[in-house]
Amino acid sequence: MAKITKTARRLYLVDGSGYLFRAYFAMARSRQGLTRKSDGLPVGAVLGFSNMLNKLLTDMQDEHDPTHLAVIFDHSSKTFRNDIYTEYKGNRPDAPEDLIPQFPLVREATRAFNVPCIETEGYEADDIIATYARKAEADGDEVVIISSDKDLMQLVSDNISMFDPMKNKRIGREEVIEKFGLPPENVVDIQALAGDSSDNVPGVPGIGIKTAAQLIEEYGDLETLLERASEIKQNKRRENLIEFADQARISKKLVELCADVPLDDGLDSLALRSIDLDLLMPFLEKMEFNQLIERIKRDFGDDRSLVAEGSTMTGAAGEQEYETIFDEAALQKWIDAAYVRGVIAVDTETNSLNAMRASLVGISMATQPGQACYIPLGHGGDGLALDDEDAAKQIPLEKAISLLKPMLEDPAVLKIGQNMKYDALILSRYGVNIAPFDDTMLISYALDCGRGGHGMDELAKRHLDYDTIKFSDIAGTGKKAKTFDQIHIKEAAKYAAEDADITLRLYQVLKPRLAAEGKTTVYETLERPLAPIIVGMEREGVKVDRSVLSALSSDFAQRMAASEAEAYELAGEAFKLGSPKQIAEILFGKLDMPGGRKTAKGAWSTNAEVLEELAAAGHDLPRVILEWRSLSKLKSTYTDALPEDIHPDTGRIHTSYSLAATTTGRLSSNDPNLQNIPIRTEDGRKIRTAFVHEKGNVLVAADYSQIELRLLAHIADLKSMKQAFADGIDIHAMTASEMFGVPVKDMDPMVRRRAKAINFGIIYGISAFGLANQLGISRGEAKDYIDAYFKKFPGIRHYMDETIAFAKSHGYVETIFGRRTYVGGINEKNPAMRGYSERQAINAPIQGAAADVIRRAMIRMPQALQDAGLGAKMLLQVHDELIFECAKGEAKKVCDLVSKIMIGAPQPAVTLSVPLVVDARPGSNWGEAH
DNA sequence: TGCTTCACG
DNA sequence: GACGTACGTGAAGCAC
């Protein structure tokens, strides 16, 4: 018998009624309600239910492996809640006619799968679930509730999570906070205030989930809030809270689940039982679920009991064999194993997150799940006192590198890593060019973009249901956090080896999905090959002239001091110019200026838009504050901060690009962010002159002109816009001309500006409100513009409608290159959230396609430059722009070649129906080249 | 740590 | 008509 050790239970509680309803409506939408062939009995929901149950019982290598399982149903009678409030669920329409016969059938299905089927008179399924869940939790068990019902979210805790079987999505604490704004323990109070129209829970009028969350956050709990309701500032809200206080208390009783339902069956009686084919098959045959019958026969064979086999993750936790390596012979054994297997997971440990500054501290490797090693190389180095006798036994770093290098560079051995860009850069600084490699983070990004993060801890939890050792667990946090070289080798080894182990396991789960889900091309052409290219760029860095920055800092400091003095004078007192709170007090309190808008949290907004309005109305202080702010921003974020990032050895700044940070496929830049270096103001632009080149070189900047609008014209098939691009006409002027019927020649710049704003708005998923805000016009006027636009470019409407419809039915959108982004919330009831998702859905294929195009260009660039005999180096990417450094003499050739590669980047995967245009020019600094 | 603000495409 | 918005980022300073 395998190791069914004395482990805690993993109790799965299926919300049977909830699932049935959702399966019914999902089926009804997709195939008009499946019926039994022989007599037309409606069985669609029963099939969905049976499939779900089968998946739970047999998908062992998937994320589920219950040890205990039960399906809970509502009992079809009044519950105790009707005694509290007669109207409870009083507005529920009767069940659809073709669902009614399926109620008894799902109970039959449950029993056929040999699963306990539980219901109790007088209680809802939710109460029974609550009772079992709390009981199991108290026993130290893990509980998974199969449901997406928000009424159950109050139960979520460290040991209790939910799983939405339709969306295949886990619902934990994070997701509850996402939905309610506060953690599970506050959910009851929020629901009591907000009420629920579908259950006919009254709540307090005028309060929705968002407001409720704010109130509970502020006052702690419902009772405190109701007692102190008189303090509420908003009149209507205060009155309602006072008037409807008792209604809120009743609502609370309605939404609060009862966790002491009398139970007939104890937890142990819910232990998972084997599927009994003699029990199951007759039922499935009766239902005529032929596909499911085939699948179960195939999966099950005749005498195989899946339940008796134990589970993968139990094996994982119990079967770790981690070796710490102190001698060359042992290391050689692992290297040999890598050659034998042809695949090995690799992870480096260092003393810093900054790959250009980090020193190698150790390397871990895994050859099979559960079998991993750690090679400590730099613990206790640099004379740091590390009370660890193991440190003396470490293999010398150079020796280990020389043994590992041939394997790490051997094309016959595939290396697997998580965020391998980091490890590859570290290793390259030690003379090892690791290749070829696969990256679980990038695979996850290709598969699940938009579904959550792609960090290892998160992936381990999501795909392996495994809690990794957190770095902070062994290193601590805050100021006294240790670096990896200061951690004792015994402890470090467990952490490091686990990382390699988990990476390998993740690879085994994720890699097959690429082919299965049609994302191999995306991964192989847009993700995987980019990583080594970025390594090259990061290592190259960009030269920055410290003296330019320090001169600017001095200039800004002087002018800030002047602004500061003037501001104090105007305010009649000194105050913190950096504090929005104090600014609001002075402007809207002391000086009594009209304070227009508030921030999300209800404070007076003092952002540039507000201050500019006040300045335009003739007030001096807001204008001075704006000047100070702008200088302060430039100084603290750029001229003061950037010199810190100049590498002591290279004299250059080496940013780090995140390859899997955005939901659209764009890169992001951090530490420092070189994608937001100022350009829009004159002062800001001066900062760009600090980005320079080595002697004898120049910088070359090449950017795509209007790439997103061109891609939109292609994707949405906008005939007149495509024609304009083909003819090389100023696209914003052309838009204005089409919309307002004015000639392009001698156009009023204001008119063109409006058209430009609309063009941008379209890309963002336009709304009248947003456009009105952008242009400072009324909402009605903005709406007229949008309508005019839709009329002139009918393809737009179509594209938007189609894209939203696609997102609604699939849950994701894709670029023309196949990059997929999952868009959550597109079927959300809340119109604001839905609107947000819809705009995401519209924008992602456009922004994403542009990101795909420049990725393709970047991937080809180094080889193309080399093939052309050019020594130019690609340094930076800023979404639609690439920056290079090359010898002065080859600048012209570089401009031409770079433009050619960028323009041809979509080919051969996609042939655009609009031309791409690239502007490339040399300069002695970034400001000049741009 | 969360909020606000602001730099970029 | 709800509900709060233009899409996508990262970083700094303040206030808790």
Side-chain angles (χ1 to χ4, degrees), chain A residues 197 206 208-211 217 450 477-478 576-584 597-611 625-626 629-638 640-642 645 655-658 661-681 683-685 687-688 703-704 706-708 712 757-758 760-775 779 782 786 821 823 828-848 850-851 854 876-881 930:
Chain A
S197 55
I209 286 183
K210 221 170 160 167
T211 313
E217 180 151 45
T477 55
K576 266 206 162 63
L577 274 159
S579 163
K581 198 179 160 198
Q582 293 188 32
I583 290 175
R597 311 212 330 260
K598 282 148 280 162
T599 66
K601 222 199 112 205
W604 292 112
S605 174
T606 68
N607 67 24
E609 202 188 326
V610 171
L611 296 188
I625 294 171
L626 280 169
R629 270 222 189 124
S630 145
L631 293 166
S632 166
K633 175 79 175 184
L634 296 179
K635 184 167 182 287
S636 67
T637 308
Y638 302 103
D640 284 354
L642 286 174
D645 293 312
T655 184
S656 173
Y657 289 98
S658 300
T662 72
T663 53
T664 56
R666 274 192 179 179
L667 307 184
S668 81
S669 156
N670 58 273
D671 194 22
N673 183 354
L674 294 186
Q675 290 181 322
N676 71 348
I677 301 302
I679 191 167
R680 292 172 188 172
T681 66
D683 276 328
R685 213 156 28 232
I687 293 167
R688 294 205 167 206
D703 67 292
Y704 284 106
Q706 309 286 3
I707 187 167
E708 290 191 355
L712 172 67
I758 300 173
F760 272 100
I762 294 289
I763 290 170
Y764 297 152
I766 200 149
S767 73
F769 192 100
L771 183 63
N773 200 33
Q774 180 67 33
L775 285 178
R779 220 165 131 178
I786 295 169
T821 293
V823 181
E828 188 51 61
K829 275 203 304 271
N830 181 322
M833 287 178 62
R834 192 176 61 243
Y836 175 58
S837 299
E838 289 174 353
R839 292 193 296 274
Q840 276 186 318
I842 289 167
N843 176 258
I846 305 169
Q847 191 182 114
I854 199 165
L876 302 173
Q877 189 251 41
V878 192
H879 309 310
D880 64 356
E881 176 186 17
H930 191 279

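Within every chain, numbering begins at 1; the chains are lettered A, B, ... in the order of the sequence lines, protein sequences first and strands thereafter. This is a predicted model, so every value here is computed, not measured. What you see below is based on every heavy atom in this structure, not just the backbone, and it leaves out hydrogens, waters and symmetry mates.
Judged by distance alone, with hydrogens and angles left aside, A:S767 brings a side-chain donor or acceptor within reach of the base of C:dT5, the pair sitting under 3.5 Å. Between the side chain of A:K633 and the base of B:dC6, a donor-acceptor pair under 3.5 Å is found. No hydrogens or angles were tested; on distance alone, nothing pairs the side chain of A:Q675 with the base of B:dC8 as donor and acceptor under 3.5 Å.
Contact annotation: A:R680 reaches the phosphate of B:dC8 (side-chain N/O to OP1 or OP2, under 4.0 Å). The side chain of A:T664 places no N or O atom within less than 4.0 Å of a non-bridging phosphate oxygen (OP1 or OP2) of C:dC7. An OP1 or OP2 oxygen of C:dA6 is reached within less than 4.0 angstrom by no side-chain nitrogen or oxygen of A:Q840. Taking only side-chain nitrogens and oxygens, A:R629 never comes nearer than 4.0 Å to OP1 or OP2 of C:dA12. Proximity of A:T606 to the phosphate of B:dT4: no side-chain N or O atom is located under 4.0 Å from OP1 or OP2. OP1 or OP2 of C:dA12 has not a single side-chain nitrogen or oxygen of A:S632 nearer than 4.0 Å. For A:T663, a side-chain nitrogen or oxygen approaches OP1 or OP2 of C:dT9 to under 4.0 Å. Taking side-chain N and O atoms only, A:S668 has a distance below 4.0 Å to OP1 or OP2 of C:dG10.
The side-chain contact (heavy atoms from CB on, under 4.5 Å) with A:N673 is formed by just one residue from the set A:I677, A:N676, A:D671; it is A:N676.
Helical stems of DNA chain C (runs of at least 3 Watson-Crick or G-U pairs, donor-acceptor distances under 3.5 Å) are listed by first residue: B:1-9 with C:7-15.
Across all strands, A:G765 comes closer than 4.0 Å to no nucleic acid atom at all (heavy-atom distances).
Nucleotides C:dA6 and B:dT4 have their P atoms positioned 14 Å apart, rounded to a whole Å.
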Under 3.5 Å between N/O atoms: give me all the protein pairs with nucleotides 1-4 of chain C, atom names plus distance.
residue	atom	partner	partner atom	Å
C:dC3	O2	A:A832	N	3.4

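Of the candidate nucleotides C:dT9, B:dG9, C:dA15, B:dG9 has the atom nearest to the side chain of A:I679.
Spacing between atom CG of A:D640 and atom C1' of C:dA11 amounts to 14 Å, rounded to whole angstrom units.
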